Amino acid sequence: MAVRLCDVASLLRSGSWAPEPWTGQVIATMETQMSNGPTCNNTSNGPSTMSNNCSSPVESGSIEDSKTNLIVNYLPQNMTQEELKSLFGSIGEIESCKLVRDKITGTSWYSRTDELAGQSLGYGFVNYVDPKDAEKAINTLNGLRLQTKTIKVSYARPSSASIRDANLYVSGLPKTMTQKELEQLFSQYGRIITSRILVDQVTGVSRGVGFIRFDRRVEAEEAIKGLNCQKPPGATEPITVKFANNPSQKTSQALLSQLYQSPNRRYPGPLAQQAQRFRLDNLLNMAYGVKSRFSPMAIDGVTSLAGINIPGHAGTGWCIFVYNLAPDADESILWQMFGPFGAVTNVKVIRDFNTNKCKGFGFVTMTNYDEAAVAIASLNGYRLGDRVLQVSFKTNKTHKA
DNA sequence: TGGTATT
């Protein structure tokens, strides 16, 4: 499997690196983000853009808009608050960090086990001490691929009831209408935060259905009044515009049945296919006599492998040794390299105490054996800048835990 | 009727 690693600087700027097998997905994802361009950028430049909609831009910009508080969207379902903190903590000191979780499952009378306690809603907030670090986090981590997701990092708008429930569901769109045209149609009613057109998974053709999230609910209301049952320019049929279903208003019944359907589900996708191809479970079984129909860690946490000396297994996941990193390597490059392969819980660049430069190696902890093994198989021997990486499970011999 | 966007 070929993996192209281009130069570190451009990786850090674009945050768009991904292993080859997922190239198609990445392009599709990035296109979405790019066609979101203007609105994404506006969001990223939150304070100044927000100001443009206010009557006294300078004052409201400086008083209301935080330059340290970020919202992070499209996080992998299984990413924890600690992992979020670890990822964003690699940029700078964090004042606070919160992964937003579902309230129904989180406070349920039903069960308080980790598996059922408050499912991640896929977004969170990171508040930095220093505004410069917040800006750096946007530049470095926005667009980062983690598992099957491409995260979005932008300034959080000041929390307010007026920005809630501002998401619209639009149907009956001409199949030829692009996301840009959809935005053009709706932008007359306010500032668009996100837009999306749903496409057929196989053909890629528009399903004529989309979403528009406005900055404020009143803007969404005006758009319904103005566009519902109207024909867009050139269209033969009128469109339907209404408030989108709010996923958080799903019944607890639906949520619980969802949990039952896939209590331990990771995002398999291409990873699972890769894993199957490599027959990694069998390899593990042959090498160590360990059954890993699921990731060993997932069976009962730390104890399932207690006392079994397996390289790379550190008790909290699978520790991977990454050798031949450049002196200026930092944690974010490790997140970018390993994140697309699966659940990464921690990354660490080992630095010289005096110079603070990377000593040439680092560690990555991944939750699932299969994903770690695919990452190693893919990244070992590949060129990062002018260096060829050596990637393996951490051995006890080389470095003590 | 989303790749769960305001704690």
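Remember, it's a predicted structure, so these values are computed and weren't measured experimentally. So that the names make sense, note that chain A is the first sequence line, chain B the second, and so on, each numbered from 1.
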Check your understanding: Which residue lies toward the 5' end of DNA chain B, A:N167 or A:R213, if each is placed at its nearest nucleotide?
Key ->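 On the 5' side of the pair lies A:N167.
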Check your understanding: For A:S159 and B:dT7, is the shortest distance between a side-chain N/O and OP1 or OP2 below 4.0 Å?
Key -> yes
**Study point:** OP1 or OP2 of B:dT4 under 4.0 Å from side-chain N/O of A:K149
**Key:** yes
I want to verify a distance call: between [options], whose nearest atom is closest to the [X] side chain?
X: A:A156; options: B:dA5, B:dT1, B:dT6; answer: B:dT6
X: A:A244; options: B:dT4, B:dA5, B:dT1; answer: B:dT1
X: A:Y123; options: B:dA5, B:dT7, B:dG2; answer: B:dA5
X: A:N245; options: B:dA5, B:dT1, B:dT7; answer: B:dT1
X: A:R157; options: B:dA5, B:dT4, B:dT7; answer: B:dA5
X: A:I193; options: B:dA5, B:dG2, B:dT1; answer: B:dA5
X: A:Q119; options: B:dG2, B:dT6, B:dT4; answer: B:dT4

**Study point:** Test side-chain hydrogen bond (donor to acceptor under 3.5 Å, both in side chains) applied to A:R217 - qualifying residues, sequence neighbours left out
**Key:** A:E221
Point to revise | N/O donor-acceptor pair under 3.5 Å between A:T140 side chain and A:A137 backbone | key: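 No; judged by distance alone, with no hydrogens or angles, the pair does not exist.
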Point to revise | All pairs passing salt bridge (charged side-chain N to carboxylate O under 4.0 Å, His left out) where residues 334-362 of chain A contributes a residue, at least two apart | key: A:E331-A:R351
Point to revise | N-O pairing of A:K225 and A:E222 below 4.0 Å | key: yes
Exercise for review: Tell me what A:N69 touches on the nucleic acid: a base, only sugar-phosphate, or nothing, going by heavy atoms under 4.0 Å.
Suggested key: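 Base, at least one base heavy atom under 4.0 Å.
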